**Q** 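Submitted below is the structure of interest, expressed as structure tokens.
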There are 2 protein chains.
Amino acid sequence: MKLSEKSRSRQDYLKAILSLELNGAKVSTTSISEKLKTKPASVTGMFKVLSDLGLIEYIPYRGAELTKPGRTEAISLMRKHRLWETFMVENLGFKWDEVHEIAEQLEHIESKELIDKLDAYMGYPSFDPHGDPIPDADGNLCDRRKLVQVNMLKQGDTASVQGVLGSSDTFLRHLGDLGIRLGLVFTVMRVFEFDGSIQVEFEDEDWNMKEMTWSKKLVEQLLAELK
Amino acid sequence: MKLSEKSRSRQDYLKAILSLELNGAKVSTTSISEKLKTKPASVTGMFKVLSDLGLIEYIPYRGAELTKPGRTEAISLMRKHRLWETFMVENLGFKWDEVHEIAEQLEHIESKELIDKLDAYMGYPSFDPHGDPIPDADGNLCDRRKLVQVNMLKQGDTASVQGVLGSSDTFLRHLGDLGIRLGLVFTVMRVFEFDGSIQVEFEDEDWNMKEMTWSKKLVEQLLAELK
DNA sequence: TTAATAAATTAGGCATGACTAAAACGCGCA
DNA sequence: TGCGCGTTTTAGTCATGCCTAATTTATTAA
Ligand SMILES: [Mn+2]
Ligand SMILES: [Mn+2]
Ligand SMILES: [Mn+2]
Ligand SMILES: [Mn+2]
């Protein structure tokens, strides 16, 4: 077995494992195969490779866990992913639903100098366009901003959109269609118990006050910061 | 054979073929294998693949030639390579000898939107940090700036450093060691017939006039624009 | 305690893109 | 015309990472 080899595939597995661990979920071959759109049998094979490389602790039929080096690598990938996303949105003018797939590629560029200089160039941002925290150059990961799901808000609350749960492009695109963007300040006018939807009021791009009703499904995935 | 597949390997072959064609050299399996640090037998294999994909015209024992689609793809790679190099030097503060290897990775990122927005962000630069022209979004490649090799200059000529021949990192690093950078304005004081070296005068970073003797090997690879 | 079921692993293949060694080719020169 | 040598291709392997199908294991319910 050739040690010390990096590869896009291995790195995507490490990232997927980290993501499940951060959610407190069990890292099974099935859960990983769903995330990466492969098959459980393929995951078993990769678990062996990563285990031989010392990047995960793998007990057959029991699941996997990142080792110190594995976690370091995974966090570095997360850092790169989020910094590139931030660059694309803040500097290049992409919308927040357009950058995930491209960052999925950019995160594999091997150069610590590059990512650290990009970080400095942007002034060391703390959060990516989806509200997720960006690990610093030493791999320190701060908590997600103390945000609340919008469905927890009560009538009269004023808050600003600061993130989303998950990273579904269709959801982000839907938000875009409705004119919901990061930083949008809105006030909860009414909460409908019947279907869990809420009526909100906010200023649109043309400075006009606008009323809108957000569905239960939408507000459950939308994160905001209370004013 | 799975058509329509992109891959880093195939793309590097296309770039290597384009580079040889632009130099007017014959595209043989040996020449490509030297450029890519593979073996001629491997090149034969890849020539077949690229030929099946319609990206090159390949006649066994005769060599290869880019087709229209192949050339388009290769020029797009060249565009991406040079734009990323420019970004790293102009925006991130890299030196011109540090960016080639990283651009070798970045050029494979698949996203026309990304590279076009990066191009716009930088104000549509025409030349990369090594003086090479950057193809535009439609694949139009203008000529290299009409530069002269420094060994062709005569006593009393004043010129500015605008590029290098080839892309050897050791050469670029050597230039850096001597304080020779893009845009440096210098005057030829003497030309030594004996060994082809020339004595020049220029202002260093601290605004002091500085004299230096450049070797024949150095000035042959250094390109400048006459004032 | 055992049987059924769901999850995970093994076995066997395939595609890509490298490699080495051996055979075939093509071109210049006698 | 034909020989010789350097170039190129072919043949056969290997590593990676994916797949499907068959088998094994863990867990849960009877
Ligand atoms: Mn990725
Ligand atoms: Mn993100
Ligand atoms: Mn490359
Ligand atoms: Mn260049």
Side-chain angles (χ1 to χ4, degrees), chain A residues 1-17 20-21 23 25-66 70 73-74 77 104-105 107-108 110, chain B residues 1-17 20-21 25-65 70 73-74 77 104-105 107-108 110:
Chain A
M1 185 128 342
K2 186 91 73 52
L3 279 214
S4 84
E5 279 288 315
K6 312 257 177 177
S7 89
R8 167 151 190 182
S9 215
R10 297 209 225 303
Q11 294 185 328
D12 281 335
Y13 275 90
L14 291 178
K15 256 200 345 164
I17 297 168
L20 287 181
E21 285 189 356
N23 285 342
K26 193 187 147 230
V27 182
S28 62
T29 53
T30 311
S31 56
I32 295 292
S33 75
E34 276 160 9
K35 250 192 184 289
L36 298 180
K37 286 154 186 198
T38 60
K39 292 290 179 303
S42 309
V43 178
T44 302
M46 187 58 88
F47 275 6
K48 283 181 194 155
V49 171
L50 295 175
S51 179
D52 286 342
L53 292 169
L55 296 170
I56 63 172
E57 190 90 34
Y58 166 52
I59 303 171
Y61 296 102
R62 278 285 129 101
E65 221 174 291
L66 290 169
E73 170 83 5
L77 288 161
E104 206 53 55
Q105 299 178 57
E107 70 194 0
H108 302 286
E110 296 286 347
Chain B
M1 183 133 339
K2 187 89 78 45
L3 278 215
S4 85
E5 279 287 315
K6 312 256 177 179
S7 92
R8 167 153 189 180
S9 215
R10 299 210 227 300
Q11 295 184 328
D12 281 335
Y13 275 91
L14 291 178
K15 258 200 343 163
I17 296 168
L20 287 182
E21 285 189 356
K26 191 188 149 230
V27 182
S28 63
T29 53
T30 311
S31 57
I32 295 292
S33 76
E34 276 161 9
K35 250 194 183 291
L36 297 180
K37 284 155 186 198
T38 59
K39 293 290 182 300
S42 309
V43 178
T44 301
M46 188 56 88
F47 275 5
K48 282 180 195 156
V49 171
L50 295 176
S51 178
D52 286 343
L53 291 170
L55 297 169
I56 63 172
E57 190 90 35
Y58 166 51
I59 304 172
Y61 295 104
R62 277 285 130 103
E65 220 174 292
E73 170 83 5
L77 288 162
E104 204 54 53
Q105 299 178 58
E107 70 193 1
H108 301 287
E110 297 286 347

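So that the names make sense, note that chain A is the first sequence line, chain B the second, and so on, each numbered from 1. Please read these numbers as outputs of a predicted model, since none were measured by experiment.
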**Q** In whole Å, what is the span from the CZ atom of F47(B) to the C1' atom of dA18(C)?
**A**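 Rounding to the nearest Å, CZ of F47(B) and C1' of dA18(C) are 16 Å apart.
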**Q** Please report, rounded to the nearest Å, how far the P atom of dG17(C) is from the NE2 atom of H108(B).
**A**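 Atom NE2 in H108(B) sits about 12 Å away from atom P in dG17(C).
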**Q** Does R62(A) have any salt bridge (charged side-chain N to carboxylate O under 4.0 Å, His left out) partners at least two apart in sequence or in another chain, and if so, which?
**A** none
**Q** Within residues 37-44 of chain A, find the residues that approach DNA chain C with a heavy atom at under 4.0 Å, and present them sorted by residue number.
**A** P40(A), A41(A), T44(A)
**Q** Please enumerate all residues that pass side-chain contact (heavy atoms from CB on, under 4.5 Å) together with E34(A), with sequence neighbours excluded.
**A**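 With sequence neighbours excluded, E34(A) shows a side-chain contact (heavy atoms from CB on, under 4.5 Å) to T30(A), given in chain and number order.
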**Q** Can you tell me the distance, in whole Å, between the CE atom of M46(A) and the C1' atom of dT10(C)?
**A** 17 Å
**Q** Going by the rule side chain to side chain donor-acceptor pair (under 3.5 Å), which residues pair with K39(A) if we only count those two or more places apart in sequence or in a different chain?
**A** none
**Q** Just how far, in rounded Å, is C1' of dG17(C) from CG of D12(B)?
**A** 13 Å
**Q** Enter the distance from T44(A):OG1 to I32(A):CD1 here, rounded to the nearest 0.5 Å.
**A**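 Rounded to the nearest 0.5 Å, the OG1-CD1 separation comes to 11.0 Å.
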**Q** Run the side chain to side chain donor-acceptor pair (under 3.5 Å) test against E107(A) and tell me which residues pass, sequence neighbours left out.
**A** K15(A), H81(A)
**Q** Can you list everything that forms a ring-ring contact (aromatic ring centres under 6.0 Å, His included) with F47(A)? Sequence neighbours excluded, please.
**A**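 Once residues adjacent in sequence are excluded, the partners of F47(A) under the ring-ring contact (aromatic ring centres under 6.0 Å, His included) criterion are Y58(A).
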**Q** Within the pair Y13(A) and dT16(D), is there a side-chain N or O less than 4.0 Å away from OP1 or OP2?
**A**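 False: Y13(A) side-chain N/O out of range (4.0 Å or more) of dT16(D) OP1/OP2.
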**Q** With sequence neighbours left out, write down each residue that passes side chain to side chain donor-acceptor pair (under 3.5 Å) with T38(B), or none if nothing qualifies.
**A**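 Per chain and number, T38(B) pairs via side chain to side chain donor-acceptor pair (under 3.5 Å) with no residue.
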**Q** State which residues pass side chain to side chain donor-acceptor pair (under 3.5 Å) with S42(B); sequence neighbours excluded, sorted by chain then number.
**A**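 Expected list: none.
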**Q** From CG of D52(A) over to C1' of dG17(D), roughly how many Å is that when rounded to an integer?
**A** 15 Å
**Q** Dump the pairs, protein N or O against N or O of nucleotides 27-29 of chain D, anything under 3.5 Å, distances to one decimal.
**A**
unit_1  : atom_1 : unit_2 : atom_2 : d
dT27(D) : OP1    : R62(A) : NH2    : 3.3

**Q** Could you check how far NZ of K48(B) sits from P of dA15(C), rounded to whole Å?
**A**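 These atoms are roughly 16 Å apart.
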**Q** Could you pull out the closest heavy-atom pair between P40(B) and T29(B), with the gap in Å?
**A** O-CB, 4.0 Å
**Q** Under the salt bridge (charged side-chain N to carboxylate O under 4.0 Å, His left out) test, which residues partner E110(B), sequence neighbours left out?
**A** none
**Q** Report all interatomic pairs (protein N or O, nucleotide N or O of nucleotides 3-7 of chain C) with separations under 3.5 Å.
**A**
none

**Q** Could you pull out all residues at least two apart from K35(A) that satisfy side-chain contact (heavy atoms from CB on, under 4.5 Å)?
**A**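 With neighbours one apart ignored, the set is A16(A), S19(A), L20(A).
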**Q** Would you kindly give the CZ-to-C1' distance between R8(A) and dG17(D), to the nearest whole Å?
**A** 14 Å
**Q** Calculate the interatomic distance between I32(B) atom CD1 and dT7(D) atom C1'; express it in whole Å.
**A**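 After rounding, the gap between these two atoms is 15 Å.
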